[in-house]
Undergrad: 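Sending over a structure as structure tokens; questions will come in a sec.
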Amino acid sequence: MKTPAPPRRNRLLRWLGRGLETYIALPLFALLLVALLWPLTLQSIDSERRAAGVAAEAATRERLDTYEAQMARSLNGIDQSLKVLKYAVELNGAQGALPALREQGLLPPGLVFVVAIADSRGRVVARNPDAGAYEGGKESTDVGALDVSNAAYFLYHRANDDGQPFVGATVGDAAKAEPHLHFTRRINDADGRFAGIAIVEVDPSYFTSAYEHARDGAHGLLGLAGTDGVMRALRIGDQVSWGQRIELGRAAQEAVTLRRSAPDGLARYTSVRRLHGFPLAVVVGLARGEQFASFERQRRTRLLGAAAASALLLAVAAVVSVWSWQLAKARRRARRAQETYAAASEGSLDAFVVMRSVRDLRGAVLDFEIEAANSAAEAIFGMGNEALRGQRLCELLPHFRANGIFEDLTLVATDGQPREGEWRAHAPTAQGRWLHRQVVAVEDGVVAIVRDITERKLAEERIFHMAHHDELTGLPNRNLMHDRIDQAIRNAARNGEGVALAFVDLDGFKLVNDGLGHKAGDELLKVVSRRMVACLRRNDTLARFGGDEFVILLPDQGTDPAALAPLLEKIRVAVTEPVQVAGQAVQVSCSMGVVMYPRDGMDASALLMNADAAMYRAKDLGSNNFQFYAREMNASVEEKLVLLDGLRQAVQATVDGAGENSFHLLYQPKLDLKSGRIFGVEALIRWRHPEHGVVPPQRFIGLAEESGLIVPIGEWVVRSACRQAQAWREAGLGPIAVSVNVSARQFEEARLVDRVAAALVDSGLPPALLELEVTESLLMRDLQKSVATMRELKAMGVSLSIDDFGTGYSSLSALKSFPISRLKIDKSFVSELADNPDDQAIAMAVISLGHKLNLKVIAEGVETEQQCRFLRENECDEMQGYLFSKPVPGAEIARMVALHVARPGCCGSLALAQEQQAAALAE
């Protein structure tokens with residue numbers, strides 16, 4: 001035989017070892033006990049069933065003996081009465097027999113027995129008691145009316161002289177309708193011939209009156225049967241019946257049989273015995289259910305007991321097995337955990353320290369003794385594992401008692417609840433590092449898991465700083481400033497002091513940011529913020545709120561605002577100093593609004609709102625100044641909000657075609673200085689307000705830019721101007737170009753080109769008759785994107801011009817790349833053109849530059865003949881201004897063009913032409 005391979009033997013031993021585990025062996029043993037318990041229980045029940053059957057048979061025999069004796073006595077008494085009656089007839093004759101027996105007291109009780117005498121012809125000649133005729137001891141005179149000559153018992157005796165009584169069936173007759181039994185004997189005369197019969201009639205219930213519920217039960221059976229198999233009397237429970245047929249074939253053996261008997265079909269232990277001297281047999285039956293009732297109760301009790309015992313045994317085995325399985329699993333888990341801990345703790349960056357509690361006699365924790373530690377823990381303690389084992393924690397690190405760590409460890413060892421915390425290490429080997437501890441309870445001690453979280457703490461500090469400081473300047477942001485304002489207000493309220501707050505907005509920053517780019521704007525913000533910080537104390541705060549807005553918090557102040565003036569002036573001067581940005585010097589100023597707590601507000605929101613209002617007042621007063629808050633300043637803010645609401649309504653009304661609160665366009669003519677003819681117009685928007693009348697563009701264009709309403713307004717202007725130019729064209733005025741100003745917000749809008757194309761298509765105006773004016777600062781915000789947009793418009797045939805040229809920051813290289821056709825000299829250079837050499841030099845430079853770049857040059861704001869003459873003499877191409885015409889409605893442009901007489905080379909003629917036009921219009 002081949003020896004099994006070692007692996008197979010090992011597996012077999014392992015399975016055998018598992019089989020010896022309690023959680024496997026105990027259930028098997030319990031099942032074995034249950035397997036033994038049930039056969040024994042069933043065998044015991046079977047034995048008791050047989051014993052119950054034997055007892056039922058014995059009870060049936062005993063009942064049969066008792067009933068037989070009772071019936072024998074009763075039947076012998078009836079037969080004795082027949083014999084006495086027969087003898088009395090032989091002595092006294094049929095008529096005198098009954099009186100003679102009555103006198104002697106030998107008649108049976110009339111309530112139970114009926115005694116009668118029939119003659120040889122079957123007529124009843126005497127009867128006691130008579131059927132309805134015998135009363136009070138007197139015989140009825142009509143007894144002879146009863147005839148029994150056809151009765152079976154009469155015919156039997158007439159034919160047989162055997163000296164035996166005859167028992168008839170249970171039937172009624174003419175004398176008594178209720179069924180009853182007839183016991184009869186033959187009467188012979190002196191010669192031995194048939195002379196009649198003696199009759200005793202008995203109610204069938206008489207023979208079953210021996211029924212006892214205590215012995216026979218509720219369904220027992222007692223009965224008297226004839227030898228012909230017909231029941232003469234039968235009682236089951238309280239019901240008496242007769243006439244049923246019963247098998248008497250095995251009755252002679254007096255055997256007790258279990259069978260279902262009539263009339264109810266119940267199973268009974270039944271026995272039959274013939275009676276001596278009578279053609280009758282007694283029948284006894286005991287119901288099996290009643291005889292086995294005690295056995296059934298015991299059987300149920302035994303089955304329930306066995307089931308309960310089995311369930312209890314299996315439940316106990318299951319509970320113990322589950323507990324044993326869990327215990328074994330816990331042991332295996334603990335073993336694996338120990339193995340895993342040993343492997344993982346050494347490979348982990350976290351420090352693991354297993355410590356045993358050192359307790360006093362009352363169970364209080366005095367210290368912890370180190371039992372095991374991994375290499376990371378050795379690095380923290382600065383000792384090897386062997387040296388650490390057995391050391392007391394508080395002897396190694398005594399400061400743990402003061403910083404709460406020892407208390408945490410004690411609570412974990414006492415209540416078993418895990419705890420964690422963070423602390424900054426003071427041990428020489430981990431000085432200044434942030435550590436995180438997690439302590440869990442184990443048996444008679446704790447396990448501490450320590451992790452170095454220094455990097456995380458530094459990251460959290462960086463994140464906190466980023467969340468509360470401006471990324472560009474490093475200054476506190478809006479959230480942090482709100483917190484510091486609230487803290488300053490609380491301190492001031494507690495100390496009875498004041499707090500000052502200044503809202504700072506840089507003047508001219510947008511021009512630098514748009515003209516030189518965002519990088520230049522960012523650099524300017526950083527320089528200005530450093531200058532403002534240098535003017536402040538250590539406990540003051542400068543925060544950037546966004547864009548070019550700053551807020552200065554000045555705590556610990558008095559209540560006199562004038563005391564702040566020197567500091568505020570110092571800040572203003574520092575801001576206005578030139579800054580080198582993108583290779584050139586730029587200069588900005590600042591407008592400041594100043595509030596005082598508690599005079600101007602009781603919380604941060606109120607102070608900031610009022611400071612903002614004061615700052616706007618400084619803006620309105622020419623910028624580059626500071627203003628202290630006054631209550632009436634909020635009125636201008638409210639006015640601005642009202643104006644904004646009206647502006648929104650005007651946009652909707654203009655789109656819907658309503659006239660009360662809507663926009664309309666005026667057109668200012670443009671003249672060619674060489675030919676003197678009108679070649680185009682500039683579309684200028686006006687707002688007709690129902691309450692304020694005509695609102696000038698200076699009041700609402702900036703507000704429209706801020707709110708974004710400039711986009712739908714600009715689209716409406718382009719569409720309306722195109723429709724008006726096409727209307728002039730259709731009226732036969734010749735080609736009149738219309739120029740439209742495009743705002744920064746509108747120019748940066750992604751659908752600008754599509755909107756312009758749609759306006760041209762809808763109006764039918766040729767693209768060459770539309771000119772868009774953009775500012776140079778707008779183009780410099782995103783040079784590459786601006787050039788791309790301009791080229792798309794140029795490709796459509798739309799002309800482009802630079803408006804307000806000379807007021808922004810642009811480079812000649814950028815100007816060279818713009819696909820434009822015209823430069824417009826800003827009116828700020830034209831207003832003093834007749835007297836100011838600087839403005840003259842700038843105008844001449846712009847004209848010369850434009851001509852060198854093959855561009856037309858137009859001057860706006862021309863109001864005097866001296867300005868016009870200078871421009872014409874220096875070869876400026878075109879002009880517009882009040883010298884020729886103010887902005888007028890579109891209908892007047894048509895009449896103006898029709899009446900205008902072009903006079904080349906003469907400015908005076910322009911005024912003259914204007915006067916002629918005014919006179920014509922007046923007519």
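All values reported here derive from a predicted model rather than from experimental measurement.
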Undergrad: Quick one, Lys510 and Asp548 - any side-chain contact, counting heavy atoms below 4.5 Å?
TA: no

Undergrad: Surrounding CD of Glu875 (heavy atoms of other residues, nucleotides or ligands, distance under 6.0 Å), is the total greater than 12?
TA: no

Undergrad: Is any side-chain heavy atom of Lys526 closer than 4.5 Å to a side-chain heavy atom of Glu523?
TA: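 In contact.
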
Undergrad: Should Ile685 and Leu665 be marked as a side chain to side chain contact (heavy atoms under 4.5 Å, CB included) after you check the CA-CA gap, both sets of side-chain angles, and the distance that decides it?
TA: CA-CA 5 Å; Ile685 189 170; Leu665 294 182; 4.0 Å; yes

Undergrad: Identify the heavy atoms of Tyr667 and Ala721 that sit nearest to each other, and give their distance.
TA: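 Distance-wise, the nearest heavy atoms are OH-CA, 3.9 Å.
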
Undergrad: Looking at Lys824 and Glu682, is any side-chain nitrogen of the basic one under 4.0 Å from a carboxylate oxygen of the acidic one?
TA: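 Yes, this pair counts.
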
Undergrad: If you look at every heavy atom in Ala611 and Leu501, which pair is closest and at what distance?
TA: CB-O, 4.4 Å

Undergrad: Drop me the distance from Cys535's SG to Arg572's CZ, to the nearest 0.5 angstrom.
TA: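 Cys535 SG to Arg572 CZ: 11.5 Å, rounded to 0.5 Å.
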
Undergrad: Quick check for you: to the nearest 0.5 Å, what is the distance between Ile858 atom CD1 and Ile847 atom CD1?
TA: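 Interatomic distance, Ile858 CD1 to Ile847 CD1, rounded to 0.5 Å: 12.0 Å.
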
Undergrad: Tell me whether Asn625 contacts the main-chain N or O of Ser623 through its side chain, where contact means a donor paired with an acceptor under 3.5 Å.
TA: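 Yes.
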
Undergrad: With heavy-atom distances below 4.5 Å as the criterion, would you say the side chains of Cys722 and Val738 are in contact?
TA: no

Undergrad: Tell me whether the rings of Phe503 and Phe545 are parallel (<30°), tilted (30 to 60°) or perpendicular (>60°).
TA: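 Ring orientation of Phe503 relative to Phe545: perpendicular.
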
Undergrad: Begin with the C-alpha distance, continue with both residues' side-chain angles, and end with the deciding distance and a verdict on side-chain hydrogen bond (donor to acceptor under 3.5 Å, both in side chains) for Asn513 and His518.
TA: CA-CA 5 Å; Asn513 196 52; His518 295 299; 3.2 Å; yes

Undergrad: By the definition salt bridge (Lys or Arg N to Asp or Glu O under 4.0 Å), identify the one residue from Arg617, Lys619, Arg544 that meets it with Asp505.
TA: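 For Asp505, the salt bridge (Lys or Arg N to Asp or Glu O under 4.0 Å) test succeeds with only one of Arg617, Lys619, Arg544, which is Lys619.
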
Undergrad: What side-chain donor-acceptor pairs closer than 3.5 Å can you find for residues 552-564, not counting sequence neighbours?
TA:
{"from": "Asp556", "atom 1": "OD2", "to": "Asn539", "atom 2": "ND2", "distance (Å)": "3.0"}
{"from": "Gln557", "atom 1": "NE2", "to": "Pro555", "atom 2": "O", "distance (Å)": "3.2"}
{"from": "Asp560", "atom 1": "OD1", "to": "Ala562", "atom 2": "N", "distance (Å)": "3.2"}

Undergrad: With the side chain counted from C-beta on, respond yes when Leu524 and Phe509 share a heavy-atom pair under 4.5 Å apart, and no when they do not.
TA: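 A side-chain contact exists here, since the closest heavy-atom pair is under 4.5 Å.
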
Undergrad: Using modelled atom types and a 3.5 Å cut-off, is there a donor and acceptor pairing between side-chain atoms of Gln867 and backbone atoms of Glu863?
TA: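 A pair under 3.5 Å: yes.
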
Undergrad: Can you tell if the side chain of Lys886 reaches within under 4.5 Å of the side chain of Leu666, non-hydrogen atoms only?
TA: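 No - every pair of side-chain heavy atoms lies 4.5 Å or more apart.
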
Undergrad: Taking NZ, NE, NH1 and NH2 as the nitrogens, is one of them in Lys856 or Glu771 under 4.0 Å from a carboxylate oxygen of the other?
TA: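 Here Lys856 does not pair with Glu771 in a salt bridge, since their nearest N and O are not under 4.0 Å apart.
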
Undergrad: Do any N or O atoms from the side chain of Ser739 and from the backbone of Ala683 form a donor-acceptor pair under 3.5 angstrom?
TA: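 No: the side chain of Ser739 does not pair with the backbone of Ala683.
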
Undergrad: Please tabulate, one pair per line, all N/O donor-acceptor pairs under 3.5 Å involving side-chain atoms of residues 597-608, not counting sequence neighbours.
TA:
{"from": "Asp600", "atom 1": "OD2", "to": "Met596", "atom 2": "N", "distance (Å)": "2.8"}
{"from": "Asp603", "atom 1": "OD1", "to": "Ser605", "atom 2": "N", "distance (Å)": "3.3"}
{"from": "Asp603", "atom 1": "OD1", "to": "Ala606", "atom 2": "N", "distance (Å)": "2.8"}

Undergrad: What's the spacing between Leu833 CG and Ser828 OG if we round to 0.5 Å?
TA: 11.0 Å

Undergrad: Is there side-chain contact between Ile820 and Val774, with at least one heavy-atom pair below 4.5 Å?
TA: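 Side-chain contact under 4.5 Å: no.
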
Undergrad: Looking only at heavy atoms, which two atoms of Asp507 and Asn624 are closest? And how far apart?
TA: OD2-N, 2.9 Å

Undergrad: Give, for atom CD of Glu497 and atom CG of Asn491, the distance between the pair rounded to the nearest 0.5 Å.
TA: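 Going from the CD atom of Glu497 to the CG atom of Asn491 covers 8.5 Å.
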
Undergrad: Which atom names give the shortest non-hydrogen contact between Ala543 and Leu475, and what distance separates them?
TA: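 It is CA-CB, 4.3 Å.
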
Undergrad: Pair Ile571, Phe626 - check side chain to side chain contact (heavy atoms under 4.5 Å, CB included), show working.
TA: CA-CA 10 Å; Ile571 294 172; Phe626 57 86; over 6 Å; no

Undergrad: Between Glu773 and Ser801, which heavy-atom pair has the shortest distance, and what is it?
TA: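 The pair with the smallest heavy-atom distance is CG-OG, 3.1 Å.
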
Undergrad: Assess whether side chain to side chain contact (heavy atoms under 4.5 Å, CB included) is satisfied between Trp716 and Val651, documenting all intermediate values.
TA: CA-CA 9 Å; Trp716 175 83; Val651 171; over 6 Å; no

Undergrad: Would you check, one step at a time, whether the test side chain to side chain contact (heavy atoms under 4.5 Å, CB included) holds for Val718 with Arg755?
TA: CA-CA 9 Å; Val718 172; Arg755 295 180 192 275; over 6 Å; no

Undergrad: Can I get a per-line list of side-chain donor-acceptor pairs under 3.5 Å for residues 787-798, giving both atom names and the distance, sequence neighbours left out?
TA:
{"from": "Thr789", "atom 1": "OG1", "to": "Lys785", "atom 2": "O", "distance (Å)": "3.1"}

Undergrad: With a 3.5 Å distance limit and no angle check, can you tell me whether Asp540 reaches the backbone of Arg537 through a side-chain donor-acceptor pair?
TA: yes

Undergrad: Using a strict cut-off of less than 4.0 Å between a Lys/Arg side-chain nitrogen and an Asp/Glu carboxylate oxygen, indicate whether Glu715 and Arg719 qualify as a salt bridge.
TA: yes

Undergrad: For the residue pair Trp687 and Phe700, categorise the inter-ring angle as parallel (less than 30°), tilted (30 to 60°) or perpendicular (more than 60°).
TA: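 Trp687 vs Phe700 ring planes: perpendicular.
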
Undergrad: Gln487 vs Asp483, test: side-chain hydrogen bond (donor to acceptor under 3.5 Å, both in side chains). Steps then yes/no.
TA: CA-CA 6 Å; Gln487 181 63 40; Asp483 292 341; over 6 Å; no

Undergrad: Please check this pair: side chain of Ser848 against backbone of Met844, looking for a donor-acceptor N/O pair closer than 3.5 Å.
TA: no

Undergrad: Closest heavy-atom contact between Cys876 and Leu673?
TA: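 Answer, listing the atom of Cys876 first, then Leu673: O-CD1, 3.3 Å.
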
Undergrad: Is there a donor-acceptor pair under 3.5 Å between the side chain of Gln587 and the backbone N or O of Thr576?
TA: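 Flag set: sc Gln587 to bb Thr576 pair under 3.5 Å.
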
Undergrad: Working to the nearest 0.5 Å, report the span between CG of Asn477 and CG of Leu472.
TA: 13.0 Å

Undergrad: Where the side chain of Arg531 meets the backbone of Glu577, is there a donor-acceptor pair that is under 3.5 Å apart?
TA: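 Yes: the side chain of Arg531 pairs with the backbone of Glu577.
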
Undergrad: Say you draw a straight line from CZ of Phe870 to CG of Asp835; how long is it, rounded to the nearest 0.5 Å?
TA: 11.5 Å

Undergrad: Answer yes or no: does atom NZ of Lys827 have more than 12 heavy-atom neighbours from other residues, nucleotides or ligands under 6.0 Å?
TA: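 Atom NZ in Lys827 is not crowded, with 12 or fewer foreign heavy atoms closer than 6.0 Å.
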
